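Within every chain, numbering begins at 1; the chains are lettered A, B, ... in the order of the sequence lines, protein sequences first and strands thereafter. Keep in mind that what you see is a predicted model, and the values were worked out from it rather than measured.
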Protein chains: 2
Amino acid sequence: MARAPLTRDEVLATAADLVKQHGPEALTMRKLAAELGTAVTSIYWHVGNRESLLDALVERTVADLGAIRARGAGPAERIVSVARALRRQLRAHPHLVAMVHERGLTERMFLPAQRALVHEVHAAGLRGARAAEAVRAVQFQVVGFVLIERNRERAPVQRPGEEELWDAATAEDDAALARALAGPVDPDRLFTLSVRALVKSLLEPGT
Amino acid sequence: MARAPLTRDEVLATAADLVKQHGPEALTMRKLAAELGTAVTSIYWHVGNRESLLDALVERTVADLGAIRARGAGPAERIVSVARALRRQLRAHPHLVAMVHERGLTERMFLPAQRALVHEVHAAGLRGARAAEAVRAVQFQVVGFVLIERNRERAPVQRPGEEELWDAATAEDDAALARALAGPVDPDRLFTLSVRALVKSLLEPGT
DNA sequence: GGCGTCGGTGTAACTGTGTTACAGGCGCCT
DNA sequence: AGGCGCCTGTAACACAGTTACACCGACGCC
């Protein structure tokens with residue numbers, strides 16, 4: 001049973017597999033060792049720690065995210081397209097979001113897109129501090145949205161729940177509003193709507 | 001050493017203390033038992049589980065959050081004030097945010113404020129589905145922002161880091177922008193700016 | 001050839017976690 | 001007194017991350 005000697009990349013690859021399939025909490029050192037057909041200590045030799053392993057995993061996956069290109073006509077639409085592209089990328093790696101969040105590297109997720117955003121904000125005529133604020137506002141909105149979204153998917157049923165909380169009475173006699181708030185959220189729609197609204201204001205000249 | 005019999009409330013209270021002081025991961029059943037001067041099984045008897053314990057803790061703390069009142073003149077400013085009040089409340093209980101997030105109850109954090117928001121959106125003239133969308137857009141923005149913010153505070157130094165990433169060259173010769181993006185974020189300012197921008201667009205008549 | 005060093009692996013243990021089976025104790029009601 | 005329900009404690013189980021230590025094999029050096 002001579003195995004080819006274990007490499008750090010091999011460890012990272014099967015660790016990534018485990019995480020992709022069953023989530024980060026399913027990645028235990030022993031399971032990983034079993035999967036690799038080796039002993040726990042070998043893993044500790046190659047990657048020092050569970051922490052370091054997850055760090056390396058995050059680094060790896062973030063690096064794998066492709067570059068983001070803006071599409072569309074006006075500056076506003078192009079910025080929105082960047083936001084949507086980022087969201088799509090993050091949603092393609094659901095566990096990544098959790099891991100990045102747990103490690104306190106949330107901003108890190110956005111760095112690949114920041115450059116594209118700066119370009120578009122410039123094209124829209126914003127400069128200096130105002131441009132930076134616009135970029136960061138969009139950045140925070142997108143990443144925050146993705147965090148919440150991932151969260152919602154994990155918690156299918158809320159306990160008091162919006163459903164029974166919003167009847168016509170509590171909604172100040174606006175039955176349509178009550179119905180809308182009691183119903184499920186349409187994340188795609190809400191995301192586009194929010195980003196578009198935010199960007200519209202940010203690009204307006206004025207305050 | 002006759003102790004007064006343990007009560008569920010007592011357990012929850014000292015559990016809340018532990019979490020407040022050292023974060024949720026420091027709350028182990030044995031530490032809690034030691035703190036209470038009792039045995040682990042007693043805790044299990046009163047609150048069934050660690051899960052249930054944390055659930056109860058979240059419930060308790062969320063219930064303790066005061067009601068949110070809108071302030072200010074125009075509808076837009078009043079909505080912004082609700083958002084800021086919610087953010088302030090959540091930031092006053094830093095660990096709560098983490099716990100709520102981990103338990104997938106992120107929306108739950110917003111329920112107390114939702115009612116206030118509905119009122120203000122109504123006052124601004126929005127009805128039905130449009131009103132609901134506005135409420136939810138603000139809701140997602142605020143909660144998302146708080147999540148990111150808490151995250152930033154936990155991770156003082158990012159590894160590639162925005163600092164060395166943004167020099168004048170990469171910022172398309174906008175030195176002021178490079179400086180702004182390389183510098184630290186001012187969360188208060190960014191938050192108010194973002195919410196104000198979002199709300200402004202949401203309240204505009206039209207699409 | 002013998003020997004030591006270094007890279008890499010394996011066995012078996014340590015500590016600490018959540019959780020539970022089980023044996024009671026204490027007080028109240030009948 | 002007896003019984004029962006609330007409550008507590010002892011001791012264990014399974015599983016987690018981590019590590020001390022022995023070992024193996026190749027390589028270089030004397």
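OP1 or OP2 of dT19(C) lies within a sub-4.0 Å distance of a side-chain N or O belonging to Asn49(B). When the side-chain nitrogen and oxygen atoms of Thr41(A) are compared with OP1 and OP2 of dT19(D), none of them lie within a distance under 4.0 Å. Within the 4.0 Å cut-off from OP1 or OP2 of dG10(C), at least one side-chain nitrogen or oxygen of Thr38(A) is found.
With dG17(D), dG18(C), dT8(D) as the candidates, the nucleotide lying closest to the side chain of Thr28(A) is dG17(D). Closest to the side chain of Trp45(B), from the set dG18(C), dT8(D), dG8(C), is dT8(D). Nearest to the side-chain atoms of His46(A) among the listed nucleotides dG18(C), dG8(C), dT18(D) stands dG8(C). Of the candidate nucleotides dG10(C), dG17(D), dT20(C), dG17(D) has the atom lying nearest to any side-chain atom of Arg50(A).
Arg127(A) contributes a side-chain N or O that, together with a main-chain N or O of His122(A), makes up a donor-acceptor pair within less than 3.5 Å. Side-chain atoms of Arg103(B) come within 3.5 Å of backbone atoms of Glu51(B) as a donor-acceptor pair (strictly under, hydrogens ignored).
Rounded to whole angstrom, the span from the CD atom of Glu10(B) across to the P atom of dC7(D) amounts to 12 Å. Distance CG (Asp55(B)) to P (dG18(C)): 15 Å, rounded to an integer number of Å. Residue Tyr44(B) contributes atom OH, which lies 17 Å from atom P of dC13(D) at whole-angstrom precision. Regarding Met29(A), its CE atom lies at a distance of 16 Å from the C1' atom of dG16(C), rounded to whole Å. Protein atom CG of Leu36(A) is 14 Å distant from nucleotide atom C1' of dG8(C), rounded to whole Å. With rounding to whole Å, Asp9(A) atom CG is found 13 Å from dG8(C) atom P. Between Arg8(A) atom CZ and dG8(C) atom P the separation is 13 Å, expressed in whole Å.
Note on Leu32(B): nothing from the nucleic acid sits closer than 4.0 angstrom, heavy atoms only. Counting non-hydrogen atoms under 4.0 angstrom, Ile43(B) reaches nothing in the nucleic acid.
With contacts defined as side-chain heavy-atom distances shorter than 4.5 Å, the pair Thr106(A)/Leu147(B) does not qualify. At least one side-chain heavy atom of Gln141(A) sits less than 4.5 Å from a side-chain heavy atom of Leu198(B).
For Arg30(A) against dG17(D), a side-chain N or O and a base N or O form a donor-acceptor pair under 3.5 Å.
Remark: Arg87(B) fails to qualify as a cation-pi partner of Phe145(B) under the 6.0 Å distance and 45° angle criteria applied to the six-membered ring.
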